[in-house]
Structure formats: C-alpha cells, structure tokens
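See below for the structure under consideration.
Residue numbers start from 1 in every chain, and the chains themselves are labelled A, B, ... in the order their sequence lines are given, proteins ahead of strands.
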Amino acid sequence: MAALKSDLLHVLTERGFIHQVSDFEGLDAAALAGRITTYVGYDCTGPSLHVGHLLSIMMLRWLQQAGHRPITLMGGGTTRVGDPSGKDATRQLLTVDQIEANKTSLRAVFARFLDYGEGPGGAMMVDNAEWLAPLNYIDFLRDVGRHFSVNRMLSMDSVKLRLERDQELSFLEFNYMILQAYDFVELHQRYGCTLQMGGSDQWGNIVNGIDLGRRMGTAQLYAMTCPLIMTSSGVKMGKTAQGAVWLNRDHLAPYLYWQFWRNTEDADVERFLKLFTTLPLDEIARLAALRGAEINEAKKVLATEATALLHGREDADAAAETARKTFEEGTAGGELPSFAVPAVSLDAGIPVLSLFVQAGLASSNGDARRQVKGGGLRVNDEPLADEQRMIGRADLVDGAVKLSLGRKKHVLVRPA
RNA sequence: GGGGGAGUGUCCCGAGCGGCAAAGGGGGCGGACUGUAAAUCCGCUGGCUUAGCCUUCGUAGGUUCGAGUCCUACCUCCCCCA
C-alpha cells in the first residue's frame, strides 16, 4: 500500500476503523481531490440503535470532520424486506407501522454525532423508502434485475450459509442485496455519493452496489468496511444478556451507558479509546500505558468521553460523579437508577423480596430468595439476611432506600 | 405422493430402562480473590403463600396407580426416492 495522502484515510487507518477497502489508492486519491459523499445504511429493525452501530457513526463523524459529506440512510424500504446477512433464520416480518415508528425513534441519535447543517459538507438524512416503495416490479426487473446473476447471488455468503445449513431463505430476503445495491446507485445519481461504508458483514452487499453502478454507468464507486468488534474475551460487543446496549437515553440511561464503558476489559481499553472517543492519539497512548489498577483511570476517561459524545458533557460528568460516590465513597449518587413506590405502601411496609422484584433487580420472589441465600442482596449497603424483612419509611436514607444486587447494580427506591 | 429421522427446562446446545422438576455443557447471575478488569475456585439458574403445592419435554387425545419415555392423530423441520 502506498503512503496515504488524504486526511480521511490517514485518520481512519490509525484509529483502527478500517477492515477492508475496495480500492485503497483510488479512494485515497478521490478523498484528496475533493469532497466525497458517503453513506451508511441503517435498518429500522429496532426502536433504538445500539453500540454495535456506533463504529460506523464514528466513521461518518471523522469523515465529516475531514471535510466530506455523510449521508445516513434510513432503511425505511429495505427493512420491509429484511437483510439475511449474518442471520440464522428469517426475522419476524415487521409491519410498516413498526418500521415507521422505529425510524422516527432512531433519528435523534445521529444528530449527536453529525452536523446536519445546510453547508456543502452538511450531513443528510435520507430514507430509501422514497425510491424503493414506488418501484414498479417489471420496470425494476428490466432495468436493474437484468444486471444480477443468480449464479453469483447464490455464492454470496449471506445466501450460501443459509443454503449450506439447510435454513430457510425466503425469496423476499433473497432480494435484499439487489435493493441495497440499487440504493448505492440511486444515492450516486441523486447526491453524487461515491463511497459506502458499513460493518464487515456488509462487504458483499456493498460490492454488489459497486458492480451494479459500473453496469448502469455510474462513476467509480468505493466500499469501505469496519471490523466487527469483539471484546478480548471473544464476545460480540454490546450484546449483553440483558439485551443490547442502547444509544437512546430512554432505553438506557446515561449513567448505565457510562457504566457499560467503565466495565471495559483491560485489553480493550486502548482500542476502544481510539474508536469510541475523539481524544488525540498521544493522549490515548498515555492512558493505554497505565498498568495494573491505574488503568481504571483510563476506563473512567473512556466512559466519560464516550458518554459525552452521545449524551453531552453534563450528563457524562454527572454519571462519572455518581459512579465516584457509589463506588469510591460507598454512598448513593444521584444518577443511580431509581424507582418510585406509592408513599402509602411504604408506610404500610413492603416485603423486601417483592421490592427487589419491582425494582427490577430480581426476576421473581424465588430469584430474590436465592440471591439472599447467595449473599447477593443489600439494603442500604447492609447485607440482607432476613428474606421476611419489611421495608418501610424508617428505612429511608436521604429520602430513598438503596437496593443493591451484587456490587455493581444499585437502585434507589423513592416514595411517590 | 412414497420411505426414513427429528422436535426436551420460554437464552442456546443436549442426555433421558414408565417413578422426572428431568443428567451434562455453554451462557447468565451471585459469592470468594481483585482494580467496577481478566483468570481461577464455589454456589445458583421454572413459579408460588416453599417441610408443601402448582406448571413444564411440538399439539391434541389414549393406555397406565404413574407418561418426556408406550399407542393414535395432527403440526413443523430435515434426509432419501418420485
């Protein structure tokens, strides 16, 4: 690979964002020559994005920073079809209403990372339902479908894997790659978009778009993918057993988001600082050099910076302060998750077990009971030994009762 | 259409001579040790008003004192033949 000349590829490379690029030199030259327009597509399969999406958003952010124009493409049309990539089985088909609701709910997050201003480098939000929904079947087959070879489609990973494992692949899903390829061409024709980025599982779909573009006479298009992030222990990042690590604050409070980053494994700290914060590399190198318990300082910086990008500096600092009070002072910080109980029932007294269940720290009374036996529950930092205990007004400390499961999960119960 | 095989604990994989709340993993949660890390060790992992009761093995019936296990029908998936 020749020395990189463009800021764009330089930054993305040294921060570890790049997994594959279709034509490194060509893209480098294009980025150097002028403003390029790039898109990343987001399916509307859920009500919120999660940390798995963050990598591509950060790429768009750096790209905009380097003077180029990002497009966030909402998959209002493609989600009605469903991407088979990386999925074992057909997903439940979402209704159009659900997709629309999801789309609305996803939008806000992007504005935290990208500038949707009017300028030539301003980001754009586009929905592919705009051109996919009105398509006429016969026309589409003749104009676009004729460029696709079924022989080749069958050899694509997303299709091949399903066939090899004898897993159902509906004709509907089989069409997904055609629509995504067409999106790229459409975005090129409408907005001069020449680069599509995405996760490494999107490589095949993106390259299809480049091919289709060539056949339909667009300028040279480019593909760039980012790596699939696994934690050092080999788990796909952001998929906890409780569910995804959501970006929308009504799905995951800033404090809990901060906690997610704070609990990063030592071995991942440097990589995550590069990918998920905008700190300069020499600062990151300094933090990553910390050893032993000192690396916790780096984790706090990671947590605060990553949270600040998404939720703002103020909420990030508040989360950090709450964590400090909770974990270093052993008191209760104000940003801890809280849960309100009617004042009258508090006066009457509430059985501890059911209180833990209501607070979401136990899934059933039996679960809570087991946790008591295992020594995992605390009330106001006192280990809970008596599962019959009643919680009442007398247990309020500074207006709240602090319930804890293990050392990390705390909920404040307040009268309402 | 004909022949064969499979569906087990609402996270997954998976054993299961008619006595089964059902082996064993993985994952998860908790405890110990630590640094809110990793590794390691230990415990837990259907519900309840917990010496007991209730609900679970694709669905619905049946045989039996007793069914995940045997019988019948049906559903779904896979393989071979057409």
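For the residue pair A:Gln202/A:Gln196, the side-chain donor-acceptor check at 3.5 Å is not satisfied. Between the side chains of A:Asp183 and A:Trp131, at least one donor N or O lies within less than 3.5 Å of an accepting N or O.
If you check residues 297-330 of chain A against RNA chain B, the residues with a heavy atom closer than 4.0 Å are A:Lys299, A:Ala323, A:Phe327, listed by number. Of the residues in residues 354-366 of chain A, those lying under 4.0 Å from RNA chain B by heavy-atom distance are A:Ser364, A:Asn365, A:Gly366. Less than 4.0 Å separates RNA chain B from no heavy atom of any residue of residues 275-284 of chain A.
Here A:Arg313 pairs with A:Glu305 in a salt bridge; the nearest charged N to carboxylate O distance falls below 4.0 Å. Looking at A:Asp268 and A:Arg271, a side-chain N of the basic residue comes within less than 4.0 Å of a carboxylate O on the acidic one, giving a salt bridge. A salt bridge between A:Glu382 and A:Arg389 is absent, with no side-chain N of the basic residue lying under 4.0 Å from a carboxylate O of the acidic one.
Counting non-hydrogen atoms of neighbouring residues, nucleotides and ligands closer than 6.0 angstrom, the CD atom of A:Glu328 exceeds 12 such neighbours. In this structure, A:Asn136 places its CG atom where more than 12 heavy-atom neighbours from other residues, nucleotides or ligands lie under 6.0 Å away. Atom NE2 of A:His10 has 12 or fewer heavy atoms from other residues, nucleotides or ligands within 6.0 Å. For A:Lys325, the NZ atom sits in a loose shell: 12 or fewer heavy atoms of surrounding residues, nucleotides or ligands are nearer than 6.0 Å.
Straight-line distance from the CG atom of A:Leu405 to the P atom of B:G28: 15 Å, rounded to whole Å. The distance from atom CD of A:Gln371 to atom P of B:G28 is 15 Å, rounded to the nearest whole Å. As rounded to whole Å, 20 Å separates atom C1' of B:A32 from atom NZ of A:Lys373.
Comparing B:G30 with B:U76, their P atoms are spaced 42 Å from each other, to the whole Å. Using C1' as the reference atom, B:C42 and B:G47 are 26 Å apart when rounded to the nearest Å. One C1' atom belongs to B:A73, the other to B:C11, and the distance between them is 33 Å to the nearest Å. As rounded to the nearest Å, B:C53 and B:G62 have P atoms that lie 25 Å from one another. Here the separation of B:G24 from B:G46, taken at their P atoms, is 12 Å to the nearest Å. Nucleotides B:G18 and B:C57 place their C1' atoms 15 Å apart, quoted to the nearest Å. For the C1' atom pair drawn from B:A22 and B:C29, the interatomic distance equals 22 Å after rounding to whole Å.
Taking the six-membered ring for Trp and the full ring otherwise, A:His410 and A:Phe327 have centroids separated by under 6.0 Å.
At the heavy-atom level, A:Glu294 lies nowhere under 4.0 Å from the strands shown.
OP1 or OP2 of B:U49 has at least one side-chain nitrogen or oxygen of A:Arg369 nearer than 4.0 Å. Taking only side-chain nitrogens and oxygens, A:Arg370 comes nearer than 4.0 Å to OP1 or OP2 of B:G47. Regarding contacts with the backbone of B:C29, every side-chain N or O of A:Lys408 stays at 4.0 angstrom or more from both OP1 and OP2.
Considering only side-chain atoms of A:Ala293, the nucleotide from B:G35, B:C29, B:U36 that sits closest is B:G35.
Using the Watson-Crick or G-U wobble rule with both distances under 3.5 Å, B:A15 pairs with nothing in any strand shown.
Side chains of A:Val144 and A:Met216 form a contact here, defined as non-hydrogen atoms less than 4.5 Å apart. Counting only heavy atoms from C-beta outward, the side chains of A:Arg378 and A:Leu384 never approach each other to under 4.5 Å.
Mapping A:Gly374 and A:Asp266 onto RNA chain B via the closest heavy atom, the residue that lands nearer the 5' end is A:Gly374.
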